[in-house]
Amino acid sequence: MNRTLRYRPLVAFTLGLASVFGVSDALAGPAFAKRLEMQGFAFDITATNEGSINTLRIVPTGLSQPTAPITSEIEGTVSGAEIDDLDANGFPEIYIYVTSAGSGSYGSLVGYAVNKGKSVTPIYMPPVADSPTLSKGYMGHDEFAVVEGTLIQRFPIYRDLDTNARPSGKTRQLQYKLKAGEAGWVLRLDRSMEY
């Protein structure tokens with residue numbers, strides 16, 4: 001008996017169940033590919049987006065020093081990417097938005113800044129969970145955007161009895177400014193508001 005034929009119905013049945021229970025969306029999504037250009041620099045960004053752990057690849061061009069592609073493993077899928085010059089130093093940064101698998105859809109950021117046109121350095125953004133004040137009522141569902149010289153992170157606020165699918169609180173918006181840190185670039189909280 002041909003082994004391929006023998007196992008095919010089991011595979012079809014398993015994929016059918018995954019589809020019925022909505023698992024296929026969590027296990028695989030469309031690959032992400034985007035080219036970002038600004039001030040003579042370009043970044044080709046790709047992500048596999050095939051499951052909860054994915055490969056992110058960034059290929060920078062236009063730097064004066066040879067730079068190898070940056071490849072890293074991320075937890076979640078890339079949902080978007082933008083380029084800007086938040087610190088107005090004449091060199092751009094890229095901001096890549098990552099959404100975790102699962103019902104919380106927790107957001108995180110992968111960012112890189114161009115250093116005087118020569119190289120790129122990672123940008124650090126402190127997780128919301130690190131702040132007792134900002135994390136009160138936080139259960140994910142983050143949105144990110146670059147707006148008027150700041151990075152915006154927005155998410156619904158959950159009350160104690162809320163389910164993950166039904167937040168009943170307000171929306172919290174965090175505005176970050178890019179600053180030089182001790183060993184690289186840091187997104188520092190500039191303002192927090194609720195509406």
Side-chain angles (χ1 to χ4, degrees), residues 32 34-43 45 47 54 56 58 60 70 72 74-117 119-195:
F32 181 89
K34 190 169 188 176
R35 181 176 179 86
L36 300 174
E37 298 179 72
M38 184 180 198
Q39 300 165 328
F41 302 96
F43 297 87
I45 302 165
N54 288 286
L56 172 65
I58 303 163
I70 302 162
S72 60
I74 56 171
E75 291 186 33
T77 57
V78 172
S79 55
E82 295 184 83
I83 190 167
D84 209 318
D85 183 7
L86 295 188
D87 60 354
N89 68 355
F91 300 102
E93 311 91 36
I94 57 168
Y95 301 94
I96 302 165
Y97 312 132
V98 180
T99 304
S100 72
S103 63
S105 300
Y106 289 91
S108 60
L109 177 106
V110 175
Y112 285 91
V114 173
N115 296 311
K116 298 181 182 176
S119 62
V120 293
T121 301
I123 298 171
Y124 174 73
M125 179 179 178
V128 171
D130 287 359
S131 167
T133 305
L134 298 178
S135 65
K136 184 173 172 62
Y138 175 67
M139 291 178 63
H141 304 284
D142 302 84
E143 297 173 1
F144 294 92
V146 172
V147 180
E148 297 178 2
T150 62
L151 178 80
I152 304 292
Q153 180 181 14
R154 182 180 311 151
F155 52 85
I157 300 171
Y158 288 79
R159 294 185 177 142
D160 290 339
L161 299 177
D162 288 351
T163 63
N164 194 292
R166 296 191 189 257
S168 64
K170 297 179 177 183
T171 297
R172 183 170 294 135
Q173 181 171 295
L174 309 176
Q175 294 178 308
Y176 297 89
K177 294 275 190 182
L178 183 66
K179 303 289 182 186
E182 285 183 38
W185 297 96
V186 179
L187 284 163
R188 294 202 196 281
L189 184 66
D190 182 55
R191 184 174 178 206
S192 173
M193 59 188 288
E194 295 178 9
Y195 55 91

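- Distance check: Ile152 CD1 to Leu174 CG gives 8.5 Å after rounding to the nearest 0.5 Å.
- Under the salt bridge (charged side-chain N to carboxylate O under 4.0 Å, His left out) criterion, Glu143 pairs with Arg154, sequence neighbours left out.
- The line from CD1 of Ile74 to OG of Ser108 is 7.5 Å long, rounded to the nearest 0.5 Å.
- Using a 4.5 Å heavy-atom cutoff, the side chains of Leu151 and Tyr97 are in contact.
- Side-chain atoms of His141 come within 3.5 Å of backbone atoms of Ser103 as a donor-acceptor pair (strictly under, hydrogens ignored).
- Between Gly104 and Asn164 the shortest heavy-atom distance is CA-ND2, 3.9 Å.
- For Arg35, the salt bridge (charged side-chain N to carboxylate O under 4.0 Å, His left out) partners are Glu37, Asp44, not counting sequence neighbours.
- One finds the OH atom of Tyr112 at 12.0 Å from the OG atom of Ser119 (value rounded to the nearest 0.5 Å).
- Separation of atoms CZ (Phe32) and CG (Leu56) is listed at 9.0 Å; rounding is to 0.5 Å.
- Listed by chain and residue number, Asn115 satisfy the side chain to side chain donor-acceptor pair (under 3.5 Å) test with Thr121 (two or more places apart in sequence, or in another chain).
- Tyr176 places a side-chain heavy atom less than 4.5 Å from the side chain of Met125.
- Remark: Glu194 pairs with Arg172 by the salt bridge (charged side-chain N to carboxylate O under 4.0 Å, His left out) rule, at least two apart or across chains.
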Name each donor-acceptor pair under 3.5 Å that joins a side chain in residues 177-184 to protein atoms two or more places apart or in another chain, with its distance.
none

Q: Show your reasoning for whether side chain to side chain contact (heavy atoms under 4.5 Å, CB included) applies to Gln175 and Val147.
A: CA-CA 9 Å; Gln175 294 178 308; Val147 180; over 6 Å; no
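- A pairwise comparison of heavy atoms in Leu134 and Ser192 identifies CD2-OG, 3.7 Å as the closest pair.
- Judged by distance alone, with hydrogens and angles left aside, the side-chain atoms of Gln153 form no donor-acceptor pair with the main-chain N or O of Asp142 at under 3.5 Å.
- At least one side-chain heavy atom of Ile58 sits under 4.5 Å from a side-chain heavy atom of Ile96.
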Q: For the pair Phe43 and Ile70, evaluate side chain to side chain contact (heavy atoms under 4.5 Å, CB included) and give the outcome as yes or no after the intermediate values.
A: CA-CA 10 Å; Phe43 297 87; Ile70 302 162; over 6 Å; no
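- Of all the heavy atoms in Glu93 and Ile123, the pair that sits closest is CB-CD1, 3.8 Å.
- Relative ring orientation between Tyr138 and Phe155 is described as perpendicular, the plane-to-plane angle rising above 60° on a 0-90° scale split at 30° and 60°.
- Inter-residue side-chain proximity for Lys116 and Asn89 is flagged as unmet; no heavy-atom pair is nearer than 4.5 Å.
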Q: Decide side chain to side chain contact (heavy atoms under 4.5 Å, CB included) for Asp87 and Trp185; before the verdict, give the C-alpha distance in whole Å, the side-chain angles of both, and the deciding distance to 0.1 Å.
A: CA-CA 10 Å; Asp87 60 354; Trp185 297 96; 3.2 Å; yes
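- Remark: Glu75 pairs with no residue by the salt bridge (charged side-chain N to carboxylate O under 4.0 Å, His left out) rule, at least two apart or across chains.
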